[in-house]
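I have placed the structure first, in the form of structure tokens, so that the comments after it can refer back to it.
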There are 2 protein chains.
Amino acid sequence: MPRKRNAHRNADTPTLADVARLAGVSDITASRVVRSKGPIADATRARVLAAIAELGYIPNRAAGSLASSGSTLMSVLLPSLSNIVFPDVLRGIHTALTETAFQPVIGVTDYDPLIEERILLSFLAWQPAAVILAGLHHTPTARRHLEHGRFRVAELMDIDGDPVDIAVGMSHWQAGYDTGRHLVQRGYRRFGYAGHSIASDDRARARYDGLRAALKEAGLLLIAEERVQGPSSTIAGRHLLEAILRKAPGLDVVVFPNDDMAMGGIFHCIHAGITPKEQLGIFGFNGLDIGQAMPLPLSTILSKRFLIGKTAAEKLLESRERPAEKTIINTGYDIIVGATA
Amino acid sequence: MPRKRNAHRNADTPTLADVARLAGVSDITASRVVRSKGPIADATRARVLAAIAELGYIPNRAAGSLASSGSTLMSVLLPSLSNIVFPDVLRGIHTALTETAFQPVIGVTDYDPLIEERILLSFLAWQPAAVILAGLHHTPTARRHLEHGRFRVAELMDIDGDPVDIAVGMSHWQAGYDTGRHLVQRGYRRFGYAGHSIASDDRARARYDGLRAALKEAGLLLIAEERVQGPSSTIAGRHLLEAILRKAPGLDVVVFPNDDMAMGGIFHCIHAGITPKEQLGIFGFNGLDIGQAMPLPLSTILSKRFLIGKTAAEKLLESRERPAEKTIINTGYDIIVGATA
DNA sequence: CTGTTAGCGCTTTCAG
DNA sequence: CTGAAAGCGCTAACAG
């Protein structure tokens with residue numbers, strides 16, 4: 001025996017049909033009001049709106065999504081949440097989505113393309129309107145789905161490569177290169193690098209490569225180089241600078257892959273009585289507020305994380321269909337001279 | 001004329017029916033394999049799995065959600081993403097959700113209950129399995145929906161109040177009170193407070209109230225108090241300490257509502273040649289890593305943000321139905337003595 | 001500007 | 001352990 005209609009439905013959850021009945025219109029008319037789509041007489045709209053308010057109607061997005069084969073969900077895949085960089089990106093995305101009907105679903109990949117692929121596939125089950133992810137490198141399977149899906153795609157942070165649809169970011173190689181040029185020009189000659197395990201972070205590697213290229217051009221090279229296993233952190237930066245100076249006492253500047261670690265470097269200097277810039281240049285990456293609030297503002301490169309997220313989401317909203325032309329947006333970066341290099 | 005069946009469907013998007021046909025079973029059997037639910041013969045399962053792999057089948061969660069009136073979405077409403085505290089909470093939630101089928105949908109309320117209400121209602125349209133939000137204060141409408149909804153609810157950060165279902169966090173009043181007792185015991189008597197606009201942040205206010213209560217008990221009071229408009233930041237903390245010392249030069253300790261601002265205070269001390277602790281105690285809240293990496297580790301209270309998020313999500317997953325008893329989990333906090341107070 | 005009809009892809013219920 | 005039938009709540013495509 002077939003179950004009775006609505007047998008398992010929560011009696012106090014009104015549906016669009018209830019709204020329509022109360023307003024004395026058809027379902028589809030009520031639907032048009034809810035979605036603000038199509039021509040509706042003001043009087044009709046008012047009646048439907050009143051019915052919605054009276055019943056406390058909440059649309060069922062699953063039903064809408066099924067019927068229209070599309071959703072208001074935007075999948076966001078980020079490498080990490082520990083690093084403030086990605087919350088900043090997410091903040092930008094969220095800002096662009098406020099006042100729109102779109103909602104971000106977020107996943108964290110731990111910089112692992114296989115995890116990225118797995119999460120991507122599970123997100124696609126929601127028929128998202130768009131997918132945002134970091135970087136231009138994905139597994140072949142992921143790339144295939146991104147290429148062929150009926151959704152917009154934005155690849156963030158990096159623009160050195162061939163995007164699926166939209167890329168928003170900066171050239172990390174160039175940033176590393178400019179770091180090298182800048183520091184050479186300021187008179188530094190004996191370079192050290194205090195990084196983290198690079199396998200996981202394409203962009204840190206690109207900056208590192210750019211830095212080395214600039215040094216090579218100037219007839220220089222990295223005299224010393226240390227890396228921590230595991231995630232980067234301020235305390236790691238502090239210990240790493242101590243270690244690198246023990247091995248190579250003659251350095252006159254040390255470059256870090258990010259501000260967190262560079263601040264650890266500054267803290268080591270304070271602790272060890274080393275005067276930043278005069279005795280040892282310290283250079284970071286990201287341009288975090290806290291680095292600029294220090295007594296000696298950190299010398300670094302300002303990446304525009306919030307802007308990257310915001311620009312990407314805005315671009316994605318411009319058109320539901322993927323345009324014929326790919327878009328690459330370079331948000332650039334600023335060298336912050338600061339007081340530590 | 002009615003449209004043809006599947007007329008607008010992407011031809012290369014296989015459905016469960018396609019999988020079933022290829023595997024030579026009925027739809028519902030294929031569905032059981034996909035959901036790992038109900039008894040299935042191993043041989044049947046294997047055939048279905050092979051068909052899924054061959055077709056590259058991705059389930060349509062909207063259809064599933066509609067049919068089962070439930071979803072694998074977990075709504076997460078956070079006050080902010082600027083403050084590292086909430087990305088930490090989110091990280092905890094995400095950690096608990098890894099390896100489960102649940103996916104977080106996130107919204108940002110800007111500490112505004114009306115925005116919280118609006119986002120909550122739009123999230124409920126997805127029939128989430130659970131809702132996670134911050135604090136115990138919501139609009140009456142939001143509270144009504146939370147009470148009556150068919151989903152689990154976790155209210156995070158704060159446990160001083162009456163939760164809807166589960167509360168996970170700590171007593172902020174108590175933390176403020178303990179801060180006061182701790183500092184009085186360490187010999188401080190002339191207290192200043194350098195805060196931010198309190199209207200927006202219930203928990204900072206509770207700590208402030210607790211601090212004042214402890215001082216009152218000791219026959220003391222806040223001699224000076226300054227607040228910044230706008231969001232808290234390190235640079236704001238730095239400027240604020242300068243301002244408060246100008247107005248009340250005799251202070252021997254200044255309490256900040258969080259570590260970000262307290263670090264700004266330290267930076268002002270370094271800049272102005274004031275020795276933290278000896279000449280002026282500085283006390284924060286949160287126990288951020290960066291504060292502990294400083295040459296003088298910040299004196300502060302460690303809040304367990306990651307643990308709060310993780311515990312809440314784990315608890316929520318324990319049972320789909322809301323239990324008769326409410327649960328309050330106190331994750332506590334640690335006083336970090338540090339070197340600045 | 002409004003309504004009719006069919007169906008989105010899946011899961012529930014109950015029977016075998 | 002497997003299947004048949006019905007329907008979740010909404011919207012596309014037309015016609016009026």
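Since this is a predicted model, take the numbers as computed values, not measurements. Heavy-atom basis, side chains included; hydrogens, waters and symmetry copies ignored. Letters A, B, ... mirror the listed sequences (proteins, then strands); counts begin at 1.
For A/Ala67, counting side-chain heavy atoms from C-beta on, the closest listed nucleotide (C/dT11, D/dC10, C/dG9) is D/dC10. Relative to the side chain of B/Arg32, the nucleotides C/dG9, D/dC10, D/dG3 differ in distance, and D/dG3 lies closest. Closest to the side chain of A/Thr15, out of D/dC10, C/dC1, D/dC8, is D/dC10. Here the nucleotide nearest the side chain of A/Arg35, chosen from D/dT11, C/dT11, D/dT2, is D/dT11. Across D/dT2, C/dG9, D/dC14, the shortest atom-to-atom separation from the side chain of B/Ile40 is found for D/dT2.
For residues 30-42 of chain A, the set of pairs meeting the side chain to side chain donor-acceptor pair (under 3.5 Å) definition, not counting sequence neighbours, comprises A/Ser31-A/Arg35. For residues 73-83 of chain A, no pair satisfies side chain to side chain donor-acceptor pair (under 3.5 Å), with sequence neighbours left out.
For B/Arg61 against C/dG9, a side-chain-to-base donor-acceptor contact under 3.5 Å is absent.
A cation-pi contact, defined as under 6.0 Å to the ring centre and within 45° of the axis, links A/Arg322 to A/Phe151.
Listed by residue number, A/Val25, A/Ser26, A/Ile28, A/Thr29 are the residues of residues 19-30 of chain A with a heavy-atom contact under 4.0 Å to DNA chain C.
Note on A/Tyr57: a side-chain N or O is less than 4.0 Å away from OP1 or OP2 of D/dC10. A close approach under 4.0 Å does occur between a side-chain nitrogen or oxygen of A/Ser31 and OP1 or OP2 of D/dT11. Between A/Thr44 and the phosphate of C/dC1, there is no side-chain N or O to OP1/OP2 separation shorter than 4.0 Å.
Along DNA chain D, the nucleotide nearest to B/Pro39 and the one nearest to A/Gly64 differ in position, and the one closer to the 5' end is contacted by B/Pro39.
B/Lys37 has its NZ atom 16 Å from the C1' atom of D/dC1, to the nearest Å.
B/Arg21 is linked by a side chain to side chain donor-acceptor pair (under 3.5 Å) to B/Asp18, counting only residues two or more places apart in sequence or in another chain. Under the side chain to side chain donor-acceptor pair (under 3.5 Å) criterion, A/Glu147 pairs with A/Arg143, not counting sequence neighbours. Partners of A/Glu314 according to the side chain to side chain donor-acceptor pair (under 3.5 Å) rule, which considers only residues two or more places apart in sequence or in another chain, are A/Lys310.
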